[in-house]
Amino acid sequence: MSKLRIENVSRVFPGVRGGEPTRALEPTNLSVEDNDFITILGPSGCGKSTLLRIVAGLDQPTTGQVLLDGQAVREPGPDRGMVFQSYTLFPWLTVRENICFGLREKNVPDRQQAEIADHFINQVGLRGFENHFPKQLSGGMQQRTALARALANDPKIMLLDEPFGALDNQTRALMQELLLGIWEAAKKTVLFVTHDIDEAIFMANRVLVMTARPGKVKCDIAIDLPHPRHYTMKTSPEFAAYKARLTEEIRVEAIRSAQAEH
Amino acid sequence: MFDPLKPVSPGRRTALGILFFVVFLAGWAGITLGGIVPPLFLADPLKAAKSGVELFTEYGFAGDVGVTIWRVVGGFVIAAVFAVPLGILMGAFKSVEAFFEPFISFARYLPASAFIPLLILWAGVGEAQKLAVIIIGSFFQIVLMVAVIVGGSRIDLVEASKTLGAKRAGIVLRVLLPGAAPQIAETLRLVLGWAWTYVIVAELIGAQSGIGHMIMDSQRLLDTGQMIFGIFIIGLIGLISDFLFKQANARLYPWYFIK
Ligand SMILES: Nc1ncnc2c1ncn2[C@@H]1O[C@H](COP(=O)(O)OP(=O)(O)O)[C@@H](O)[C@H]1O
Ligand SMILES: [Mg+2]
């Protein structure tokens, strides 16, 4: 049985002030297997965030349903960890307290909380910054904390919505390797939204390309690159072949999306 | 020196602040000692200072000051204890807001001082009446301001907390409340300042003690020195309590003051 099934999920937003309703997402189907790392690639505005928010339970689909381990998703819950593109650390909590937030909601004993927090602080490389407040961290550090905060809950699936989108290129590349390392070690199931083709290929074992609005899955490409992956892989011929193919797919959509807007 | 929004150094800020007090005192001394305003209407600074010393040494003014402080703090604390939770509930839950908001918006425009005659009928001229004036003056303001602050909480943080397993109580207590706390504290600081004006009004009518009562008494004796000194003391206590409140906030909410 699939870990996560997205069945016929669509979303229409009601029109703003009597305007046309927005068809953000066409009926979409997707099966995610255990340990999959799926990246969802698509032009801006094609409904990627909408899809992820529906899986998270933060938004309700107009049609269809989402099943996690066979159970229908109705509301947000700690079994689906989310990292947002914007910075959403609690500014009044330190790095350590942010990471412990979900554990505290579950009433995990303090000592166990500390152990789990220590583990993830090390894993995302924030040793020495545990007692900093979010405002005292760089963007990359904030997203690493957000990642640790979601992982600490041990969710069944991780939902990442362009988590590195606001970071500079170098930091972004480091974060990709970090996340991939965590995934290779812990074998989490991941849905990762991005509009960056390199990122989509480098991280994934499957890349889904979405069409321009109204979005739906256009193609589903398996990435057969070996693990563990190293950044040098981005210059290999196999990588280049995937990139050429996806660039073509996404270009068509980007043009369509630009034409729709003008 | 006049570069828009350019910060000034702390030393310079203090110096400029003190400079104004000096200018103010000089102006006051100028018009009173220079004979421009007759002493019957406005005592000069020296006379006011002398009256102040007399007030404390001969008339037991410290007792009046103590009574007034206790009234302000008492009324303010009682109002805040009920108003802050109600404001949080209104900010967090739109149906609670819909229920209370129209009435409270109306009630906050009822001038606290206009209730004094009625309150004297109900509660006499004792402490209950004084506290009631302050409570009426503060309660509705606090409720509305806290509701607005909490209602303006960051929705993305609420969503993040939901994906981390927070439920209703967790969201209110561990996301909305800590996020709004520094601004709520600022609101309380502001309202405490207003409570000072209410207490004096309450003490001008039917009081046997307090700073306001002393000012009333002095008017009967046409002692402008004492009156001015009383007003000065109110300002001074306000300044001190404001300073303490600010210090406490900076200590309680260090994250809020990180630039
Ligand atoms: N709450 C909303 N109300 C109305 N329209 C929305 C809302 N959220 C998203 N949309 C619209 O749905 C479309 C898809 O948005 P989104 O899922 O955020 O795209 P992406 O994440 O791929 O950039 C956009 O056209 C956006 O304007
Ligand atoms: Mg998006």
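Here is how names work: the chains are called A, B, and so on, in the same order as the sequence lines, proteins then strands, and each is numbered from 1.
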Would you mind telling me which of A:Ala56, A:Gly81, A:Pro76, A:Pro134 has the largest number of heavy-atom pairs within less than 4.5 Å of chain B? A:Pro76
Heavy-atom count around A:Lys106 NZ within 6.0 Å, excluding the residue itself: above 12? yes
What do you reckon, is CZ of A:Arg111 surrounded by more than 12 foreign heavy atoms closer than 6.0 Å? no
Report which part of A:Thr88 has an atom under 4.5 Å of a heavy atom belonging to chain B: side chain, backbone, both, or neither. both
To check you understand the geometry: which heavy-atom pair defines the closest contact between B:Tyr253 and B:Ala185, and what is its length? CE1-CB, 3.9 Å
If you take all heavy atoms of B:Ile134 and B:Val72, which pair is closest and at what distance? CD1-CA, 3.8 Å
Just checking B:Arg174: does its CZ atom have more than 12 heavy atoms from other residues, nucleotides or ligands closer to it than 6.0 angstrom? yes
Interface check, chain A: of B:Leu164, B:Asp156, B:Leu157, most non-hydrogen pairs under 4.5 Å belong to B:Leu164
Quick one: do A:Phe37 and A:Phe192 satisfy side-chain contact (heavy atoms from CB on, under 4.5 Å)? Show the steps, please. CA-CA 7 Å; A:Phe37 197 127; A:Phe192 185 110; 3.6 Å; yes
Can you pull out the residues in residues 144-163 of chain A with any heavy atom less than 4.5 Å from chain B? A:Arg149, A:Ala150, A:Asn153
CD on A:Gln136 to CZ on A:Phe129, rounded to 0.5 Å: 10.0 Å
Looking at A:Phe13, I want to see if its CZ is surrounded by more than 12 non-hydrogen atoms of other residues, nucleotides or ligands under 6.0 Å. yes
With a 3.5 Å distance limit and no angle check, can you tell me whether A:Asn29 reaches the backbone of A:Asn8 through a side-chain donor-acceptor pair? yes
B:Ser138 side chain to B:Ile135 backbone, donor-acceptor under 3.5 Å: no
If one checks every heavy atom of A:Leu103 against chain B at 4.5 Å, the contacting part turns out to be neither
Test side chain to side chain donor-acceptor pair (under 3.5 Å), reference A:Ser10, set A:Thr28, A:Thr63, A:Thr50, output is A:Thr63
All heavy atoms of A:Gln123 vs all of A:Leu178, minimum pair found to be O-CD1, 3.6 Å
Within residues 75-95 of chain B, which residues come under 4.5 Å of chain A, heavy atom to heavy atom? none
Under 4.5 Å from any heavy atom of chain A, what part of B:Arg154 do you find: side chain, backbone, both or neither? side chain
